[in-house]
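Here's the structure, in structure tokens; my notes come after.
Residue numbers begin at 1 in each chain, while the letters A, B, ... track the order of the sequences.
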Number of protein chains: 2
Amino acid sequence: MTTKVADLAHRLRPLVFRLYYLVRRETPQVQLTLTQGSVLSELLNGGPRRMSTLADLERVRMPTMTDVVRRLERLGLVSRRPDPADGRAVLVEVTEVGQRFHRQLIVAREEFLRERLLELDEHDRTAIEAALPALTKLLRQEIQEDKKEELIRDER
Amino acid sequence: MTTKVADLAHRLRPLVFRLYYLVRRETPQVQLTLTQGSVLSELLNGGPRRMSTLADLERVRMPTMTDVVRRLERLGLVSRRPDPADGRAVLVEVTEVGQRFHRQLIVAREEFLRERLLELDEHDRTAIEAALPALTKLLRQEIQEDKKEELIRDER
DNA sequence: TATTGTTATACTCTATAACTATA
DNA sequence: TATAGTTATAGAGTATAACAATA
């Protein structure tokens, strides 16, 4: 069982890349990468976020997120402003252009997935749908694991 | 339903990165990236492969695969040899060192996933297990889709 | 002194275009 | 002429180390 899950995680890499290839093809106005799209979604679902929070959520280091946000800013999709609560911190938020663009992203993604899912039989579609809450839990759990590790690291 | 699947694909990016972060930590002797690990697994499961086949499977262009294989070769994990059936083609295969290393990878991956899965309840584990064949079909289907597109492209 | 974020630097991943060698 | 692969080049993603500004 665990072996199969590991294999799945592996095979998912090409699928995720494929998904973003199609999104890029569908929305030639703005060419988003996987990481950029992921950050944009996070900001749209969760509202303005600090740099450090984004880095944690995407599991990258701060200097990495600095560059990713810089590129999104250059594309006009997000903006930065100082956090009123802490002079050191920076809040990143989605611009109106970013919101419009994200709607196009969602449409392209859904269309792609709907087509593929319709080629599966009813039994398979039901199985995938039933597993979604469990897979979501597995991912959430992971984020909490990371926080724990940081605390341990800090104690050293 | 399709929206949920799209969200899942998105959230899976951090999970996959997290998985490889842990693998790197568990096997400090050789630091494999996600793409390198994916190619190594493919070669171990399917035997020697041509550069073009690897590029298709990973959904990257040939020059990209040239570099990835070069790095794996530099690490001593794979080797190249001419394809006896076609003087232009190159066959990539895993070395003995690569096979030994891959066993470590599998152990680290399985341990990580087993721990996380044990934190889920029986119902969630069953749901994930039941969805694996369907998710696998979804991925296979994708590979076939790509092949079709190439044929269309060639006809132009 | 500790934390948030940026800059500097280096390596990997990725693509397109141009090239070599073989079919 | 067409195909398999490499080289050249450029941009994005990633990390570590050093630094500036604020708490």
- [ ] Decide whether B:T35 and B:E58 meet the rule of one side-chain donor and one side-chain acceptor closer than 3.5 Å.
- [x] no
TODO: Can you tell me the distance, in whole Å, between the CZ atom of B:R59 and the P atom of C:dC13?
DONE: 18 Å
Task: Among A:R81, A:R49, A:R80, side-chain hydrogen bond (donor to acceptor under 3.5 Å, both in side chains) partner for A:E93 - done: A:R81
Task: A:V60 side-chain proximity, nearest of D:dT14, C:dT14, C:dG5 - done: D:dT14
TODO: Using whole Å, report how far CE of A:M51 lies from P of D:dT14.
DONE: 13 Å
Task: Of B:M62 and A:V68, the one whose closest DNA chain D nucleotide lies more 5' - done: B:M62
Open item on the list: Once hydrogens and angles are ignored, does a donor-acceptor distance under 3.5 Å link the base of D:dT3 to the side chain of B:R88?
Closed with: yes
- [ ] Check whether any side-chain nitrogen or oxygen of B:R61 sits under 4.0 Å from OP1 or OP2 of C:dC13, and answer yes or no.
- [x] no
TODO: Taking the side chain as every heavy atom from C-beta outward, state whether B:L75 and B:F101 have any pair of such atoms under 4.5 Å apart.
DONE: no
- [ ] Mind calculating the distance between CG (A:L32) and P (C:dT14) to the nearest angstrom?
- [x] 17 Å
Open item on the list: With a 4.0 Å cutoff (strictly under), does any side-chain N or O of A:T35 reach OP1 or OP2 of D:dT14?
Closed with: yes
Open item on the list: Need one value for A:S52: base, sugar-phosphate or nothing, where a base atom within 4.0 Å counts as base even if backbone is also close, heavy atoms only.
Closed with: sugar-phosphate
Task: Nearest-angstrom distance from the residue atom CZ of A:R81 to P of C:dT4 - done: 18 Å
Task: Whole-Å gap separating P (D:dG5) and CG (B:D67) - done: 15 Å
Open item on the list: A side-chain contact here means heavy atoms from C-beta on lying under 4.5 Å apart; do B:L77 and B:V94 qualify?
Closed with: no
Open item on the list: Side-chain N or O of B:T66 versus OP1/OP2 of D:dT6: is the shortest distance under 4.0 Å?
Closed with: yes
- [ ] Look at the side chain of B:P63 and decide which nucleotide, out of D:dT6, C:dA8, C:dT12, has an atom nearest to it.
- [x] D:dT6
Task: Any side-chain heavy-atom pair of B:L43 and B:L54 under 4.5 Å - done: yes
Open item on the list: In whole Å, I'd like the distance from the CZ atom of A:R80 to the C1' atom of C:dG5.
Closed with: 9 Å
Open item on the list: Please report the distance, rounded to the nearest Å, between CZ in A:R50 and P in D:dT22.
Closed with: 15 Å
TODO: For B:D83, report the nucleic acid contact type (base, sugar-phosphate, nothing); a contact means any heavy atom under 4.0 Å.
DONE: nothing
Open item on the list: Mind checking if B:R71 touches a base, just sugar-phosphate, or nothing, with heavy atoms under 4.0 Å?
Closed with: base
Task: side-chain N/O A:T64 vs D:dG13 OP1/OP2, d < 4.0 Å - done: no
